[in-house]
Number of protein chains: 2
Amino acid sequence: MAANSQFSMAVHVLTVLARHEGEKIKSEKIACSVNTNPVVIRRLLGQLAQAELVESQTGAAGGTQLARSPERITLAEVYGAVSCGEVFALHGKPPDKNCPVGRNIEAVLCNLQKQIDRSVAETLSRHTLQGVLEVIEQEKP
Amino acid sequence: MAANSQFSMAVHVLTVLARHEGEKIKSEKIACSVNTNPVVIRRLLGQLAQAELVESQTGAAGGTQLARSPERITLAEVYGAVSCGEVFALHGKPPDKNCPVGRNIEAVLCNLQKQIDRSVAETLSRHTLQGVLEVIEQEKP
DNA sequence: CATATCTGTAACAAGTTTAGTTACATTTTA
DNA sequence: TAAAATGTAACTAAACTTGTTACAGATATG
């Protein structure tokens with residue numbers, strides 16, 4: 001249970017919200033579909049709210065809804081909202097600066113990281129929440 | 001120190017080996033450049049050997065060298081050798097199958113995962129170990 | 001052949017991260 | 001004012017990565 005599944009959860013949560021556009025959905029209802037604790041959902045919704053993908057309202061009759069229509073939310077935005085944006089980590093401890101490789105490898109890797117991030121973002125930007133929703137509704141048996 | 005830096009280490013290790021093509025390098029020497037323990041390096045070399053990127057020899061005067069020339073080793077192969085191949089994780093606990101979203105979201109995410117993996121692999125396949133080595137040598141002040 | 005040296009690997013400790021949980025303050029409706 | 005919901009802090013548990021020690025097995029060399 002130490003693998004980062006926040007992106008998966010975020011897509012799931014947003015899809016649930018998209019299925020009920022216009023309604024305010026309670027974190028408990030979302031938690032039920034995701035099969036987790038409402039607090040976990042609220043934490044995630046906090047990140048999505050910061051990225052201005054959802055809007056929440058406190059108080060009785062409160063809940064959360066999408067901040068935009070599903071066609072205007074790409075999965076790249078979702079990924080950016082919940083991910084640290086690093087497919088692989090750089091060195092934990094700094095390499096030996098007396099070795100030419102140790103001295104320069106980090107710059108190479110950092111550059112590589114940026115290329116990969118761009119590539120991932122491009123792939124994800126080709127998908128919208130509406131697209132996900134359509135697959136879900138279509139697959140419903 | 002719980003972020004996966006194996007790919008970074010692997011590129012580092014292989015670059016060191018590439019700088020000394022034909023020689024057998026000891027794990028202790030590599031560990032010095034990477035600034036870690038020789039056992040950590042040997043563990044990593046084991047994975048790289050399984051992927052047939054390096055060859056090791058036990059015993060006195062033993063060590064490790066590249067199994068192929070650096071022009072013929074792409075970073076996509078390196079990534080495949082050390083990574084589980086998943087940019088993001090699927091749900092830890094299975095979603096609620098009574099909800100249409102919970103029932104079908106995993107297939108959507110799995111498909112997405114494959115697209116991203118392909119995209120990352122394609123980006124990395126455009127780089128060879130020789131290319132990395134050239135940058136390193138060039139940057140040497 | 002004996003010894004020194006190196007890899008391969010198991011076992012364990014420590015630190016980090018994620019998810020789950022409880023508890024409670026705050027907001028808002030009715 | 002009471003009920004119901006979010007926001008958030010604090011803690012626990014589990015999993016993963018790295019670092020470390022220890023030792024068996026292989027091999028070159030005197």
Side-chain angles (χ1 to χ4, degrees), chain A residues 1-10 12-13 17 20 23-50 54-65 67 82-96, chain B residues 1-10 12-13 17 20 23-32 34-51 54-65 67 82-96:
Chain A
M1 234 170 277
N4 192 339
S5 61
Q6 286 201 90
F7 174 71
S8 289
M9 279 211 313
H12 188 149
V13 166
L17 295 179
H20 303 274
E23 298 175 48
K24 274 174 282 187
I25 309 295
K26 291 189 291 183
S27 63
E28 183 159 351
K29 178 166 179 176
I30 303 173
C32 183
S33 173
V34 178
N35 186 21
T36 186
N37 193 291
V39 177
V40 173
I41 298 298
R42 291 205 289 267
R43 273 201 292 245
L44 186 57
L45 287 173
Q47 292 184 267
L48 298 176
Q50 275 202 317
V54 302
E55 285 167 352
S56 294
Q57 199 173 75
T58 59
T64 306
Q65 54 190 341
V82 299
S83 157
C84 57
E86 291 180 357
V87 170
F88 61 86
L90 263 21
H91 290 66
K93 289 155 71 174
D96 177 20
Chain B
M1 232 173 277
N4 194 339
S5 62
Q6 285 201 89
F7 176 71
S8 289
M9 279 212 311
H12 189 149
V13 166
L17 294 180
H20 302 276
E23 296 176 49
K24 275 173 285 189
I25 309 296
K26 292 189 291 181
S27 64
E28 183 160 351
K29 179 166 180 177
I30 303 173
C32 183
V34 178
N35 187 22
T36 185
N37 192 291
V39 177
V40 173
I41 298 297
R42 291 204 289 270
R43 273 201 292 246
L44 186 58
L45 287 173
Q47 294 185 265
L48 298 176
Q50 275 203 316
V54 303
E55 285 167 351
S56 294
Q57 199 174 73
T58 60
T64 305
Q65 55 190 340
V82 299
S83 157
C84 58
E86 292 180 358
V87 170
F88 61 87
L90 263 20
H91 291 65
K93 290 155 71 175
D96 178 21

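Chain naming here is simple, since letters A, B, ... match the order of the sequence lines and numbering starts at 1 in each. A quick note: this is a predicted structure, and the numbers were derived from the prediction, not measured. Note that these values count all heavy atoms, side chains included, but never hydrogens, waters or copies made by symmetry.
If you take CZ of A/Arg43 and P of D/dA9, they are 11 Å apart, rounded to a whole angstrom. Per the geometry, CG belonging to B/Asn35 stands 13 Å off C1' belonging to D/dT18, to the nearest Å. Counting to the nearest Å, the C1' atom of C/dT7 and the CG atom of B/Leu48 are 15 Å from each other. As a whole-Å value, the separation of A/Glu55 CD from D/dT6 P is 15 Å. At whole-Å resolution of the value, CD1 in B/Ile41 and C1' in D/dT18 are 11 Å apart. Between the CG atom of B/Asn37 and the C1' atom of D/dT21 there is a distance of 9 Å, rounded to whole Å. In this structure, CD1 of A/Ile30 is placed 16 Å from P of C/dA19, rounded to the nearest angstrom. The separation between B/Glu86 atom CD and D/dC16 atom C1' is 14 Å, rounded to whole Å.
Atom CD of B/Gln6 and atom CG of B/Leu48 lie 9.0 Å apart (nearest 0.5 Å). The CG atom of B/Leu45 sits 11.0 Å away from the CD1 atom of B/Ile25 when rounded to the nearest 0.5 Å. Residue B/Lys26 holds its NZ atom at 11.0 Å from SG of B/Cys32, rounded to the nearest 0.5 Å.
Using a 4.5 Å heavy-atom cutoff, the side chains of A/Val82 and A/Met9 are not in contact.
In this structure, A/Val39 and A/Gly59 both approach DNA chain C, and ranking their closest nucleotides by distance from the 5' end singles out A/Val39. Positionally, the nearest nucleotide of DNA chain D for B/Val40 lies more toward the 5' end than for the other of B/Lys24 and B/Val40.
B/Ser5 has no side-chain polar atom (N or O) that falls below the 4.0 Å cut-off from OP1 or OP2 of D/dT17. Contact annotation: A/Ser27 side-chain N/O to D/dT6 OP1/OP2 distance is under 4.0 Å. Considering only side-chain N and O atoms, B/Thr36 lies under 4.0 angstrom from the phosphate OP1 or OP2 of D/dG19.
B/Gln6 comes within contact range of the sugar-phosphate backbone alone, with a heavy-atom separation under 4.0 Å but no base atom that close. Residue contacts shown for B/Glu28 are absent, as no nucleic acid heavy atom lies under 4.0 Å away. Across all strands, A/Gly46 comes closer than 4.0 Å to no nucleic acid atom at all (heavy-atom distances). B/Ile25 comes within 4.0 angstrom of sugar-phosphate atoms only, judged by non-hydrogen atoms across all strands, and of no base. Within the 4.0 angstrom heavy-atom criterion, no nucleotide atom of any strand lies near A/Thr64.
Closest contact between the side chain of A/Ser56 and the listed nucleotides D/dT6, C/dT18, C/dT7 involves D/dT6. The side chain of A/Lys26 lies closest to D/dA5 when the candidates are D/dT27, C/dT28, D/dA5.
Under 3.5 Å, the side chain of B/Arg42 and the base of D/dT20 form no donor-acceptor pair of N or O atoms.
For B/Glu86, the CD atom counts as densely surrounded, since its 6.0 Å shell holds more than 12 non-hydrogen atoms of other residues, nucleotides or ligands.
Here the side chain of B/Ser8 pairs a donor or acceptor atom with the backbone of A/Ala89 at under 3.5 angstrom.
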